[in-house]
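All remarks here apply to the structure that follows.
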Amino acid sequence: MRIGVPKEIRASERRVALSPEVAGKLAQAGHEVRIETAAGENARIPDSAFAQAGAIIVPDACTAFGADVVLKVQRPVSVVEGGPDEIAWLHEGAGLIGLLAPFEHRDQVEAYAARGLTAFAMEFIPRITRAQSMDALSSQSTVAGYRAVIEAAHAFGRLMPLMMTAAGTVAPAKVLVLGAGVAGLQAIATARRLGGVVSAFDVRPAVKEEVQSLGARFLEVAAEEAKAAQTEGGYAREMSAAFREKQRAVIGEALKKSDIAISTALIPGKPAPRLITAEMVESMAPGSVIVDLAVASGGNCALSELDKVVEKHGVTIIGYGDMASRAPTHASAFYAKNLFNLLQLMTDKESKAFRPDWEDEIVRGALLTREGRVVSEALARGGL
Ligand SMILES: NC(=O)c1ccc[n+]([C@@H]2O[C@H](COP(=O)([O-])OP(=O)(O)OC[C@H]3O[C@@H](n4cnc5c(N)ncnc54)[C@H](O)[C@@H]3O)[C@@H](O)[C@H]2O)c1
């Protein structure tokens, strides 16, 4: 199989869809791996590391795209966006695997079908035990949750841990984490490691034990509805107006006492729930910091701005939409491993050709387009 890895050209994307480790594994398995020159530059992985692992460094994007299967981090760029037409560089019938944001860019999914591509969205890999090693949402959320706390600690003019020194005593910072999924749990763990006193809130009571086992306090909204907050897929549901009212009161009280808030709440296929209002920001002490990890999906905080750091009412609000990409070396390594594990599943053991089993639950879940048609069940349903 010829596997192509182009350089990511979207603004502020530093990751690359291959690591030297995975390049080595693919080359050893007998595949031809072509990676565009400088593709790993922003993740601090030089061409020489890929070459040593057995990959072929190609001089331009067009050559990297001309493969049987193309591995991407972000969806291809199009002429409409002012870039080159990356979709046109893909061969008809080629495989395309990436974080293709299909809910948000449905028109582009149609374009994959029109080009005859077999496209897979890493976001749609089912959250089942067998697919854990391919779960890019989890691997990237892990990095993002960690990095969110590092960004918050950096922007916070004070110290995080309890310090008793000859020059004075510092109380530990109070950290509130909203949404305790993969990113939230990693944020809790990181904030605890830095010595913060952490509380967390999630609509799914199922996460209470996990939150507590990390040494954080779990905030609860007393409501019957909470019992049904989790979908079969393990995700959160959109809650009723009455529930949201109660939730606002709990979060509002907790925020007043917090120095740092990390919000991570998402509902797949829907705008992010609005958890932090402008009034709540105003109620926080000057010098506090909010990191809104949901900013690209509309934001959990009313005052966050995508890809910006803003100061409102003396509170710093960080809205980086590229949080995982801010730790690009490990984010790329995790992501490349996810892709490798998915490719293994879709490769014929004998011929080493790209031959997915179309009935496999993981393949079916991630598949967007095939033979000129949009075939995604998640897109048809409008949710995961
Ligand atoms: N292979 C597996 O079995 C596997 C892998 C990864 C994740 N999971 C599970 O999938 C689930 C979703 O994880 P995720 O991190 O991708 O979720 P996500 O990114 O969709 O959402 C982040 C968190 O926000 C929470 N949330 C949504 N609305 C909220 C609101 N109004 N207020 C507060 N919190 C709100 C969600 O419950 C979730 O915990 C979790 O249960 C996770 O443990 C399972």
Side-chain angles (χ1 to χ4, degrees), residues 99 101 103-104 121-146 148 176-189 199-211 213-214 216 218-221 223 225-252 254-255 261-277 280 291-302 321 323-324 334 338 341-342 361-362 365-366 378 383-384:
L99 290 163
F103 283 132
E104 296 80 5
M122 290 301 281
E123 295 94 328
F124 285 4
I125 297 263
R127 257 50 204 280
I128 55 173
T129 308
R130 187 164 62 90
Q132 265 179 6
S133 65
M134 308 163 204
D135 185 347
L137 282 188
S138 288
S139 73
Q140 302 307 293
S141 292
T142 299
V143 177
Y146 161 85
L176 175 66
V177 176
L178 299 174
V182 181
L185 290 172
Q186 191 53 236
I188 294 170
S199 308
F201 170 74
D202 197 299
V203 279
R204 295 180 299 119
V207 296
K208 180 177 177 177
E209 267 179 43
E210 287 173 272
V211 167
S213 72
L214 289 170
F218 188 66
L219 305 176
E220 280 175 272
V221 171
E225 196 184 337
K227 289 185 188 142
Q230 182 160 313
T231 65
E232 272 175 31
Y235 291 100
R237 271 185 222 291
E238 225 170 1
M239 306 303 275
S240 70
F243 184 93
R244 291 204 300 271
E245 196 55 45
K246 285 188 185 163
Q247 170 180 294
R248 247 195 292 278
V250 170
I251 294 174
L255 270 175
I262 312 277
S263 74
T264 74
L266 289 174
I267 300 163
K270 301 254 160 57
R274 198 38 71 76
L275 302 177
I276 306 176
T277 61
M280 289 184 201
V291 181
D292 189 348
L293 272 186
V295 68
S297 305
N300 293 143
C301 173
M323 202 59 93
F334 287 167
N338 295 144
N341 291 323
L342 179 62
E361 186 183 0
I362 299 172
L384 292 174

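Because only heavy atoms are used, hydrogens play no part in the values below, and waters and symmetry mates are left out as well, while side chains stay in. One-based numbering along the sequence shown. Order of listing sets the numbers, starting from 1, for every ligand and every atom in it. Note that the structure is a prediction, hence the values are computed from the model and not measured.
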Under-4.0 Å heavy-atom contact with ligand 1, by part of R244 that carries it: neither

Residue, atom name and distance, where the atom is the protein heavy atom closest to atom 30 (C) of ligand 1: V203 CG1, 3.7 Å

Sub-4.0 Å heavy-atom approach of E210 to ligand 1: no

Closest protein heavy atom (residue, atom, distance) for atom 12 (C) of ligand 1: G234 O, 3.7 Å

Contact with ligand 1 for S141, non-hydrogen, under 4.0 angstrom: no

Closest approach of any protein heavy atom to atom 25 (C) of ligand 1, naming residue and atom: D202 OD2, 3.3 Å

Distance in Å, R130 CZ paired with E361 CD, rounded so as to fall on 0.5 Å steps: 6.5 Å

Per-atom contacts, ligand 1 versus Q132 - under 4.0 Å to a heavy atom: 1 (N), 2 (C), 3 (O)

From K208 atom NZ to E210 atom CD, the distance as rounded to the nearest 0.5 Å: 13.5 Å

Qualifying residue for side chain to side chain contact (heavy atoms under 4.5 Å, CB included) with L219, from D202, V177, L176: L176

T264 neighbourhood, listing ligand 1 atoms whose heavy-atom distance to it stays under 4.0 Å: 22 (C), 24 (O)

Interatomic spacing from CD1 in I276 to CG in L255 - rounded to 0.5 Å: 5.0 Å

Proximal ligand 1 atoms for P273, defined as those under 4.0 Å from one of its heavy atoms: 28 (N), 29 (C), 30 (C), 31 (N)

From the candidates R204, R127, Q140, the one that places a heavy atom nearest atom 40 (C) of ligand 1: R204

Proximal ligand 1 atoms for I128, defined as those under 4.0 Å from one of its heavy atoms: 1 (N)

Aromatic ring pairing F201/F218, orientation class (parallel under 30°, perpendicular over 60°, tilted between): parallel

Intermediate values then yes/no, side chain to side chain contact (heavy atoms under 4.5 Å, CB included), M239 and V221: CA-CA 12 Å; M239 306 303 275; V221 171; over 6 Å; no

CD on Q132 to CE on M134, rounded to 0.5 Å: 10.5 Å

Contact check: F201 vs ligand 1, nitrogen or oxygen atoms, below 3.5 angstrom: no

Per-atom contacts of ligand 1 with S138, taking only distances under 4.0 Å to non-hydrogen atoms: 5 (C), 6 (C), 7 (C)

Ligand 1 atoms in contact with D135 (distance to a heavy atom under 4.0 Å): 5 (C), 6 (C)

L137 touching ligand 1 at heavy-atom level, < 4.0 angstrom: no

Residue, atom name and distance, where the atom is the protein heavy atom closest to atom 26 (N) of ligand 1: A265 CB, 3.7 Å

Shortest non-hydrogen contact from S133 toward N338: O-ND2, 3.0 Å

Ligand 1 versus A180: contacting region, heavy-atom distance under 4.0 Å: backbone

Residue and atom name of the nearest protein heavy atom (relative to atom 19 (O) of ligand 1), distance in Å to one decimal: L266 CD1, 3.7 Å

Inter-residue atom distance R127.CZ - L137.CG, 0.5 Å rounding: 5.0 Å

Atom 43 (O) of ligand 1 touched by protein (heavy atom, under 4.0 Å): no

M280 CE to C301 SG distance, which is reported to the nearest 0.5 Å: 9.5 Å

Protein non-hydrogen atom below 4.0 angstrom of atom 9 (C) of ligand 1 present: no

Shortest protein heavy-atom distance from atom 15 (O) of ligand 1, along with the residue and atom involved: V182 N, 2.7 Å

Closest non-hydrogen atom pair, L275 against A265: CD1-CB, 3.6 Å

Any N/O pair V207/ligand 1 closer than 3.5 Å: no

Flag, side chain of D292 to backbone of N300, donor-acceptor distance under 3.5 Å: yes

Test item: Q186 side-chain N/O and Y146 main-chain N/O as donor-acceptor pair under 3.5 Å: no

